[in-house]
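Shown next, in structure tokens, is the structure this report addresses.
Remember, it's 1-based here, ligands and their atoms both numbered in the order they're listed.
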Amino acid sequence: MSITEEIKQLKAEKNAVILAHYYVEPEVQDIADYIGDSFYLSKVAVGLKEQTIVFCGVSFMGESAKVLNPEKTVLMPDASADCPMAHMADRETIEKMRAKYEDLAVVCYINSTAELKQYSDVCVTSANAVKIVKQLPNKNIFFIPDRNLAHYVASQVPEKHFVYNEGFCPIHEHMILQEVLDAKAAHPGALVLTHPECPKAILDVSDYIGSTSGIIQYAKGSEKKEFIICTENGVRYKLEKENPDKQFYFTKTGPVCTDMKKITLEKVLHILQTGENEVHVTDSLRELSGKPLERMLELGK
Ligand code: 13P
Ligand code: SF4
């Protein structure tokens, strides 16, 4: 029996469902029941009929799934797959900002620990941040942890006053402008599709800015045939599968999230066999970090 068949068989026996982010390896995306961006996956995680959720992604994703579904078992194929940006904010700074600004909303990117979410007013993802911030009654927004997404959202919601935090995604932060310009020079007809975790210099030379799902939908709906993609290279698989007649180019220094790439079929099989790497969240952390997540699902509808 192949490893894929073994996973399928065990999944049925254990009443499990597999969720995967677009940044994981193609063969892992292939065994997933649901593949998507962070917003889609957090919505899908609510109301699944299976008892066990196997989350092929990084730890904040599994943690959010557990917080939203406390009665379910959530298993991570690799417990060390973590998002460095998820830790790039702290409680002291949040408290300082709350004391400094009246009428402040702490807006927390879903790429954050539950520990940070619990001190926040609402969560957002790159797919819904603009929509949600626009709906907040507060004038002042402290956006954590990602400064790049914060600056992008601020540019779309000029009526709010933003306070920035110095977090970033190392993969998107280090996208090299010259490499994007080189790709544009090599493919003058191509559109540049960019994730808002990239710095402003990259957004400024882009034709479309959106989440991973946004980028995939835009490429599919476009009449153009060539695209330069400024995000993690895992999206290439879905883009090429859905658009065999189109060309996708990435920057020369391939943007690769090593944490997402830790997820392998062998590890998925192993946790299904053993039940290892279960996500645990204390009751109080679940209650407190669940509120901003639920508010996001409500406002993001
Ligand atoms: P989205 O999939 O929500 O666009 O987020 C990108 C990302 O960096 C996930 O870790
Ligand atoms: Fe975190 Fe960036 Fe990796 Fe996404 S791509 S999980 S934001 S390090």
Quick one: do the [X] and [Y] side chains pair a donor with an acceptor below 3.5 Å?
{"X": "S213", "Y": "D37", "result": "yes"}
{"X": "T194", "Y": "S206", "result": "yes"}
{"X": "E25", "Y": "T264", "result": "no"}
{"X": "Y237", "Y": "D30", "result": "yes"}

Considering both backbone and side-chain atoms of [X], is one of its nitrogen or oxygen atoms within less than 3.5 Å of a nitrogen or oxygen in ligand 1?
{"X": "H172", "value": "no"}
{"X": "S211", "value": "no"}
{"X": "N111", "value": "yes"}

At under 4.0 Å between heavy atoms, what of T125 touches ligand 1? The answer is neither
For the atom pair CD1 (I229) and OH (Y218), what is the distance rounded to the nearest 0.5 Å? 10.5 Å
Atom CD1 in I144, atom NZ in K117: separation rounded to 0.5 Å? 9.5 Å
State plainly whether the residues K225 and D245 are in salt-bridge range, i.e. N to O under 4.0 Å. yes
Measure the acute angle between the ring planes of [X] and [Y], then classify it against the limits of 30° and 60° as parallel, tilted or perpendicular.
{"X": "F143", "Y": "Y109", "value": "tilted"}
{"X": "H21", "Y": "Y23", "value": "perpendicular"}
{"X": "F248", "Y": "F227", "value": "parallel"}

Could you pull out, from S126, G57, G36, G210, the option with a heavy atom nearest to atom 1 (P) of ligand 1? S126
Is the distance between the ring centroids of H161 and Y101 less than 6.0 Å? yes
Taking only non-hydrogen atoms of Y23, do any sit less than 4.0 angstrom from ligand 1? yes
Does at least one non-hydrogen atom of E232 fall below 4.0 angstrom from an atom of ligand 1? no
What is the nearest protein non-hydrogen atom to [atom], stated with its residue, atom name and distance?
{"atom": "atom 2 (O) of ligand 1", "value": "H21 NE2, 2.5 Å"}
{"atom": "atom 8 (O) of ligand 1", "value": "E197 OE2, 3.0 Å"}
{"atom": "atom 4 (O) of ligand 1", "value": "H195 NE2, 2.7 Å"}

Checking salt bridge (Lys or Arg N to Asp or Glu O under 4.0 Å) against D78, which of K262, K261, K267 comes through? K267
Contacting atoms of ligand 1, where contact means under 4.0 angstrom from a heavy atom of D37: 1 (P), 2 (O), 3 (O)
Just jot down the ligand 1 atoms closer than 4.0 angstrom to any heavy atom of S38, in number order. 1 (P), 2 (O), 3 (O), 5 (O), 9 (C)
Every N, O or S from the protein that is nearer than 2.8 Å to atom 3 (Fe) of ligand 2: C257 SG
